[in-house]
Structures are given as C-alpha cells and as structure tokens.
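So the structure is just underneath, and the comments pick up after that.
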Amino acid sequence: MPRLTLVVPVYKVQGYVAECLDSILRQDYTDVEIVAVDDCSPDGSGAILDDYASRDDRIRVIHLTENVGLGRARNAGLAEARGDYVLFLDSDDTLDPGALSAIAHRLDATGDPEILVYDYVRTYWNGEVRPNQRAEVLRHGDDGAFPLRDRPELLDLLQIVWNKAYRRDFVERLGLAFPPGYYEDAPWTFCSLIAAERIAVLDRVCVHYRQRREGGNILKTVSRKHFDVFDQYERVFGFLDAHPELEQWRSRLFRKMVDHYLTILDRPGRLPRDARAEFFHRAAADYAARVPADFARPSGGRGYKYTMLERDAYSALAGATKAVRTRQAVKRRAGAAVRRSKRSAMGLYYQSQLRAPLDENLALFSAYWSRSVSCNPAAIAAELARLAPQVRQVWAIRADSVGAVPKGVEYVRVGSREYWSALARAKYLVNNVNFTDSLVKREGQVHLQTHHGTPLKTMGLDQQKYPASTSMDFEKLLERCDRWDYSLSSNRHSTTVWERVYPCSYTSLETGYPRNDVLVNATAEDVRRARGALGLADGTTAFLYMPTHREYQGEFRPRLDLARLADSLGPDVTLLVRGHYFYSASPQLADLQRSGRIVDVSGRHPVEDLYLAADALITDYSSAMFDYAVLDRPIVVFADDWEVYRAVRGTYFDLLTESPGAVARSEDALIELLRSDAWRDGTAADLREVFRRRFCEFDDGRAAERVVRRVFLGEPTPIPPVPFEERSHAPYPAQVLELVERA
C-alpha cells in the first residue's frame with residue numbers, strides 16, 4: 001500500500017490538469033498513488049487523465065457519469081484511497097518540488113499524527129507569488145505532534161483541505177465526508193481539527209495555490225449558492241452537539257461562523273443584490289440561535305458588525321456599507337474619466353463611428369498584423385462568401401502591403417478613416433493575431449481569434465518564464481485577449497495551451513484550422529498547378545525548407561549552407577526556401593536561386609500551395625510541421641540548436657523524441673539523411689502517423705464550414721469530424737504523375 005494518496009478532483013481544467021499531475025509525478029518521493037476523479041468534465045480533461053494513467057500506473061482515474069460537484073467528487077476519490085495518508089490537491093494547483101518528501105519526513109518525525117498542516121503560496125498569472133499571511137502559525141521549532149488546545153490558532157488558517165495530510169484510519173473512524181454545495185471545506189476542516197488528538201505542522205511551502213484570472217473560483221461568482229454556507233455551519237454545530245467532549249470549541253467556532261457570514265456580505269461579487277437582505281436575516285437568525293452565553297463580541301469596526309447582526313439591523317449595516325462603496329465608486333469614476341481621455345486620442349472620427357449602429361452584415365478581416373490576405377481568416381472568408389454572401393467582407397491592410405492584395409478583394413488601409421469606420425461598425429472582427437490596442441470592443445460585436453499555428457514554442461503567459469519575451473507587456477496582451485468571443489483550435493493540445501496562456505472568457509472552438517482544408521480537399525490538378533507555378537518539372541523532388549523565427553537573430557540567415565546542400569543532393573532535387581515573415585528579403589537567397597535549383601519562395605505564393613508542391617518539408621521548430629502533417633508527406637526536422645532554442649524560447653514537448661519524422665542534428669547528418677531513404681522510410685512514416693493523430697485530429701477538410709456555421713450563422717450543433725481512418729488528403733506529387741499518365 002502506498003504511504004500517500006493524492007485525491008485530485010477534475011472539472012473543466014484541461015489547460016491546467018497536466019501541470020498539476022506533472023507536479024506530483026516529478027516529485028522525488030514516489031511512494032504515492034493518485035486518484036483522479038473526472039467529475040463528468042465537458043472538456044478534454046478526462047482524456048488527459050486517461051493518457052497520463054496509460055503512461056504511469058500510479059494514477060487511477062474515476063469517470064463519474066454525472067457532475068456532482070467538488071465535495072462529492074472528492075468523496076468518490078476518498079473511497080478509492082489506499083494510502084496511509086490522504087492528501088487533496090485541486091486540479092489547477094501544483095505541488096512544490098520536494099513537497100512530498102518533506103511531508104513524508106515530517107509524518108515520520110512526528111509519529112504519524114492524525115493531521116499534518118503545511119504551508120502554501122498564492123500564485124498569479126503575472127508571475128506574482130504571495131505568501132500565506134498566517135504562515136507564522138506553522139512554525140514548529142523542534143516540537144512534535146500536539147492537541148489543538150496547545151495551538152488553537154490553527155483554526156484561524158484558511159478553511160481549506162488541500163494544505164493538510166489526513167491519516168486515513170482517522171478519517172474513516174470519524175466518518176468524515178464532504179457535503180454538497182459551496183464552502184464544503186468548512187465542516188471537514190473544523191470537525192477534523194477539533195476531533196484530532198495529535199496534530200503536527202510543517203513550516204514549508206508545499207502547494208502553489210493558483211489564482212486564475214478567469215473562472216475556477218466560486219468566491220468570484222455572483223450566485224445564491226453562497227447560501228450553502230448556512231447548511232455547512234449547520235453540519236459543524238451538529239457535529240459539535242454530537243460530541244459534548246468538544247464543547248470547549250463552541251465559542252471559537254461561533255466566531256468563525258459569524259466572521260464567515262460577514263465576509264460573504266462584505267464581498268459585493270458574491271451575493272445577488274436582491275438576496276443580500278435575505279442572507280443577512282438568515283445570518284442573524286443563526287447568530288441568535290447559536291451565540292454562547294459567555295461569548296464576548298470583538299471590538300472596533302468588526303464588533304459593530306457583530307452588534308448589527310445580533311440586533312438583526314440590516315438597514316443600519318447597509319447604510320454604513322453604502323457610504324464605503326460610495327467612496328470606492330468615486331475612485332472608479334475618476335479612473336474611467338482618465339480612460340475616456342485616453343480614448344479621445346483615437347480621434348473624434350472613431351468616436352463618432354462608435355456611436356453609429358453596428359452593420360450586421362459587415363465583417364472586418366486581418367492576418368499577420370494586416371500584412372496579407374491569408375491564413376485562417378482567408379479560408380474563413382472564402383467559405384463565408386459561399387454560405388453567407390450577404391455579409392460584406394473588408395480586409396485591413398497596411399499601406400506597405402496594399403500591392404499584394406489579390407484582385408477583387410475589398411480592403412481599407414490601416415489608419416484611414418475607412419479603417420476606423422470598419423473597426424467601429426463591423427459586426428464581425430476576424431484576425432489571426434490581435435487588433436490594435438485602440439479597438440473599443442462594442443456590445444454586439446463578435447471577435448473571432450483564429451490563431452496561426454499549433455504551439456511548439458511557449459506562448460502567452462508561459463513566455464514570462466523565458467528570456468526571449470522580457471519586453472512583452474503581458475497585462476496589455478490579456479486586455480487584447482479579453483475582446484475575444486471565440487478562439488479556434490486545430491487539436492486538443494492547442495486548446496489546453498490557449499486556455500491556460502490566454503485566461504479570458506472566450507469560447508474555444510475545436511474545428512481544425514480552416515487554412516488546412518485545402519490540404520485535405522485538393523485534387524491532383526491542384527497539386528500539378530502548384531508545382532507548375534514554381535517551375536518544377538515532373539520527376540523533380542522538391543524539398544520545402546521553412547525555418548522559424550529566432551528572437552536572438554535579427555535577420556534571416558539560413559542555418560544551412562544551401563549551395564552545399566543542393567550540390568550534395570544532385571540535379572533532380574530542388575530546394576524551395578521560405579524565410580519567416582518577420583524577416584526581410586535575403587540577398588544571399590537571391591544569389592543562390594540564380595542556379596535554378598534553389599528557389600526563394602519567401603513572401604510570395606500562398607504557403608498552402610508550397611505545401612501541395614513539395615515532396616517533403618524540412619523545418620526546425622516552425623508550426624509549419626503541424627499543417628504539413630495533414631498531407632501525410634515526409635517531414636524532416638533539422639534541430640542543430642535545439643538546446644539553445646528551448647532555453648531561450650521554451651517549448652511544450654521534446655521535439656527530438658516526439659518528432660513528426662527523421663531528425664538531423666547537424667548539416668552533415670541532414671545531407672546523409674536526405675541522400676538515403678531514411679527521410680521517407682517506414683520508421684519516419686510511423687513517427688508521422690503518431691504525430692498526425694495527435695496534432696491533426698480535427699483537420700478533416702470542413703474546418704472553415706464549421707466556423708462559419710457556428711460564428712456567422714449561429715448554428716449550435718457542430719459538424720462532427722470525419723473519423724481519422726476515413727480521411728483523405730491531397731495526392732502525393734508522384735501520384736499526380738501516375739494519375740495524369742493514366743488519364
């Protein structure tokens with residue numbers, strides 16, 4: 001039997017649960033089991049649990065058939081616990097490295113107490129860490145286990161279960177279980193502490209208590225469910241009544257109850273406005289029914305509130321509270337005035353357009369900081385024209401990119417009067433990055449964020465940990481993301497990353513990437529046309545080389561000697577070289593392509609056409625690999641600086657061990673690989689198959705249709721993805737020649 005059981009209840013945490021599990025599994029203490037309880041989570045959390053369980057037999061997963069709430073989900077896990085001690089960890093929180101070793105050592109050192117209390121810190125999205133304000137209570141010196149009467153101040157700690165280890169036989173003997181409803185920790189915490197004969201403390205941070213920016217905290221939810229607190233204290237005092245030997249704790253628990261009620265009343269973000277008086281009167285009734293004869297009210301402002309509650313004088317307390325809130329409102333209005341003055345810098349014209357009605361049939365599109373008509377927005381626009389031609393489409397384009405706009409596409413120059421008008425009045429805003437900070441999101445506008453790649457490198461808030469992003473203003477970033485209504489995803493990996501690193505209140509749409517539809521639906525003629533546009537003769541093998549951007553490189557410098565590579569591969573091979581769009585044109589590439597066997601395709605040709613034309617992709621860490629994998633063609637990873645890139649930018653998985661194909665760590669190794677069949681042999685195909693199933697799971701050729709039907713047409717039922725085994729893709733270039741010859 002394990003020494004420790006960790007019960008982890010899971011609900012709508014697909015962006016966080018992997019980090020939670022990793023924090024347990026990577027501990028240096030291994031005599032542990034994890035009982036993970038999927039509380040009928042509607043997202044991908046359950047699948048993540050199953051994946052972890054398939055790779056580590058210390059994890060057991062319970063899938064509940066209906067959502068029962070946090071308390072009863074914990075009970076389900078508790079019933080399966082086999083450890084000497086039971087610990088609870090919420091699935092968006094994490095353990096500090098070495099925490100379990102410290103806990104186990106302290107349990108041994110204090111002779112297996114019934115409860116061990118340990119410390120925690122609060123962590124915030126911006127990297128801030130705040131210590132427990134009552135951490136001094138946990139300073140133990142050389143003392144061992146003790147009864148609560150020796151350290152009654154432990155009752156003043158936050159009423160939580162996840163900062164304690166409970167001896168399982170103690171829990172079973174006491175008959176402890178979590179009740180339903182909000183504040184389920186209160187009866188468990190108070191009843192266990194007052195009943196324990198031996199308690200120990202550990203003056204060490206063991207848990208990182210995540211303060212999520214959006215969701216995940218009932219204390220930030222306006223609801224009548226906060227009335228559940230009355231039932232919870234009914235259970236606390238019922239337990240006390242059933243155990244007369246614990247009577248000494250009545251006054252202290254009474255004060256904890258009243259303080260808890262007053263805290264709920266003091267927080268404007270909990271109770272609905274029309275329920276506050278009712279809550280107060282319920283609290284006053286509990287006060288009158290349970291006040292001990294010898295109870296002494298506290299002094300000061302807190303004592304005043306006790307007096308109002310004792311007298312059931314809601315009007316008097318509400319009046320005092322209103323005065324405080326009036327002062328707070330004055331401060332807020334002053335802040336709003338400052339923000340309005342800043343908005344005036346946008347110009348009177350934009351302000352006037354913001355007052356005009358929305359155009360219900362206008363959609364404003366943008367891609368890559370308004371540099372082009374491309375990517376997911378372009379694929380959505382094409383499908384929108386087919387399914388809803390009444391919606392007028394306008395593209396935002398930078399002045400220096402106007403010449404590249406395809407014929408027939410309506411556009412407005414960024415910064416022009418027409419641009420500000422479209423930004424203010426368009427019903428739909430579609431972008432694969434973010435619109436300007438100056439955008440005022442209007443009520444009724446629908447903002448669709450399409451993204452432009454599957455994340456291998458860290459994104460959003462995760463970039464705070466790496467030196468490549470030290471200049472980014474993350475607060476401003478999240479303010480932009482707050483405008484999103486929908487966020488597109490091509491796989492569950494992306495969904496979990498987006499929801500964690502952009503913690504805002506949008507809806508995730510797991511549709512696949514619209515730009516990849518063509519890779520599924522393209523015909524042999526489409527492939528032949530794409531190759532012909534690049535001058536590729538039949539029988540020529542075309543390698544598309546697409547390296548990614550490196551923050552520590554100011555301009556595009558191929559990490560390969562392209563001339564040497566071309567010479568080594570022979571006359572039947574052509575290299576298509578596409579630099580990242582962040583870089584300007586490369587003079588070196590211009591010189592090399594005069595040979596005819598190196599073609600610089602940077603900044604021209606839709607990238608999807610390049611994918612269709614190429615026999616294989618050579619890349620490093622570019623998200624191009626995730627798109628190209630849809631074609632089921634060979635992918636070669638050239639990772640000569642993997643360790644540097646991973647240290648500077650950070651990555652979500654180890655590309656060397658989870659590659660979409662063959663990997664080369666040097667130029668010589670790459671040449672040797674490409675001159676052999678290793679780049680396209682069975683081993684490479686097996687790697688690609690695993691990669692495709694993981695990262696191309698929704699790319700079935702109908703992504704754009706799903707988006708248009710959901711976002712623009714309001715159809716609630718999504719089109720189910722085509723089963724992976726039944727999907728097609730564009731034919732290989734060699735197949736095209738065979739098809740033409742047959743024809």
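Judged purely by atom type and a 3.5 angstrom limit, S45 uses its side chain to pair as donor or acceptor with the backbone of V13. Of the possible polar contacts, none joining the R706 side chain to the L509 backbone as a donor-acceptor pair under 3.5 Å is found. Although no hydrogens or angles enter the test, the distance criterion places no donor-acceptor pair under 3.5 Å between the side chain of R106 and the main chain of L116. Between the side chain of R82 and the backbone N or O of M1, no donor-acceptor pair lies under 3.5 Å. The backbone N or O of T110 lies less than 3.5 Å from a partner atom in the side chain of R198, making a donor-acceptor pair. Not a single donor-acceptor pair under 3.5 Å links the side chain of R282 to the backbone N or O of A277. In this structure, the side chain of E499 does not engage the main chain of S508 through any donor-acceptor pair within 3.5 Å. In this structure, K164 contributes its side chain and I160 its backbone to a donor-acceptor pair below 3.5 Å.
Salt bridge annotation for D185-R74: present, with a cationic side-chain nitrogen under 4.0 angstrom from a carboxylate oxygen. Taking 4.0 Å as the cut-off between side-chain N and carboxylate O, E172 and R168 count as a salt-bridged pair. Taking the charged nitrogens against the carboxylate oxygens, E19 and R26 have no contact shorter than 4.0 Å, which rules out a salt bridge. Contact check on K12 versus D43 returns no salt bridge, with no Lys/Arg side-chain nitrogen under 4.0 Å from an Asp/Glu carboxylate oxygen.
Contacts of W498 classified as side chain to side chain donor-acceptor pair (under 3.5 Å), with partners at least two apart in sequence or in another chain: none. With sequence neighbours left out, the side chain to side chain donor-acceptor pair (under 3.5 Å) criterion links D119 to N132. With sequence neighbours excluded, the residues forming a side chain to side chain donor-acceptor pair (under 3.5 Å) with D28 are S101, listed by chain and number. Qualifying side chain to side chain donor-acceptor pair (under 3.5 Å) partners for R250, counting only residues two or more places apart in sequence or in other chains: D241, E247. The salt bridge (Lys or Arg N to Asp or Glu O under 4.0 Å) search around E114 returns R173, not counting sequence neighbours.
Considering every non-hydrogen atom in both L193 and L154, the closest pair reads CD1-O, 4.3 Å. Residues A99 and Q27 approach most closely at N-OE1, 3.0 Å, considering heavy atoms.
For the residue pair H447/D485, the side-chain donor-acceptor check at 3.5 Å is not satisfied. Between the side chains of D93 and H208, no donor-acceptor pair of N or O atoms lies under 3.5 Å. Between S41 and D38, the side chains place no donor N or O within less than 3.5 Å of an acceptor N or O (distance only, hydrogens not considered). Between the side chains of E33 and T5, a donor-acceptor pair is found at a separation under 3.5 Å. In this model, no donor atom of one side chain and acceptor atom of the other lie less than 3.5 Å apart for D482 and Y506. For the residue pair S23 and T94, no side-chain donor N or O sits within less than 3.5 Å of a side-chain acceptor on the partner. Side chains of D266 and Y261: no donor on one and acceptor on the other come within 3.5 Å. A donor and an acceptor atom, one from each side chain of H493 and T454, are nowhere located under 3.5 Å apart. Remark: the E184 side chain and the Q232 side chain contain no N/O donor-acceptor pair separated by less than 3.5 Å. Looking at Q14 and T495, their side chains never bring a donor and an acceptor atom within 3.5 Å of each other.
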Next item on the list: Given salt bridge (charged side-chain N to carboxylate O under 4.0 Å, His left out), test R3 with D112 step by step and report yes or no.
Entry: CA-CA 11 Å; R3 178 66 163 159; D112 284 4; 2.6 Å; yes

Notebook entry, point to check: D51 and R55: salt bridge (charged side-chain N to carboxylate O under 4.0 Å, His left out), yes or no, with the steps?
Noted result: CA-CA 7 Å; D51 178 57; R55 292 183 278 120; 2.6 Å; yes

Next item on the list: List the steps and the verdict of side-chain contact (heavy atoms from CB on, under 4.5 Å) for T507 and W484.
Entry: CA-CA 8 Å; T507 298; W484 303 352; over 6 Å; no

Check: Would Y166 and W188 count as a ring pair (Phe, Tyr, Trp, His ring centres under 6.0 Å) if you check the C-alpha gap in whole Å, the side-chain angles of each, and the deciding distance to 0.1 Å?
Finding: CA-CA 11 Å; Y166 299 90; W188 176 291; 5.5 Å; yes

Margin query: Run the ring pair (Phe, Tyr, Trp, His ring centres under 6.0 Å) test on Y183 and F230 for me, step by step, so that the C-alpha distance in whole Å, both residues' side-chain angles and the decisive distance to 0.1 Å come before the verdict.
Written below: CA-CA 10 Å; Y183 307 108; F230 298 116; 9.8 Å; no

Next item on the list: Just do the side-chain contact (heavy atoms from CB on, under 4.5 Å) check on T496 and Y652 with the steps written out, would you?
Entry: CA-CA 11 Å; T496 60; Y652 290 116; over 6 Å; no

Check: Going through the distances and angles, do W162 and L87 end up as a side-chain contact (heavy atoms from CB on, under 4.5 Å)?
Finding: CA-CA 7 Å; W162 44 255; L87 293 71; over 6 Å; no

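With a 6.0 Å cutoff to the six-membered ring centre and a 45° limit on the axis angle, R224 counts as a cation-pi contact of F227. For the pair R151 and F146, the distance from NZ or CZ to the six-membered ring centre is under 6.0 Å and the angle to the ring normal is within 45 degrees. For the pair R204 and Y118, the cation-pi criterion (under 6.0 Å, within 45° of the ring axis) is not fulfilled.
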Could you list the donor-acceptor pairs under 3.5 angstrom formed by side chains in residues 293-301, with sequence neighbours left out?
| unit_1 | atom_1 | unit_2 | atom_2 | d |
| --- | --- | --- | --- | --- |
| D294 | OD1 | S251 | OG | 3.4 |
| R297 | NE | T307 | OG1 | 3.2 |
| R297 | NH1 | E310 | OE1 | 2.5 |

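When each of D39, L64, L49 is paired with V10, the side chain to side chain contact (heavy atoms under 4.5 Å, CB included) condition holds for L49 and for no other.
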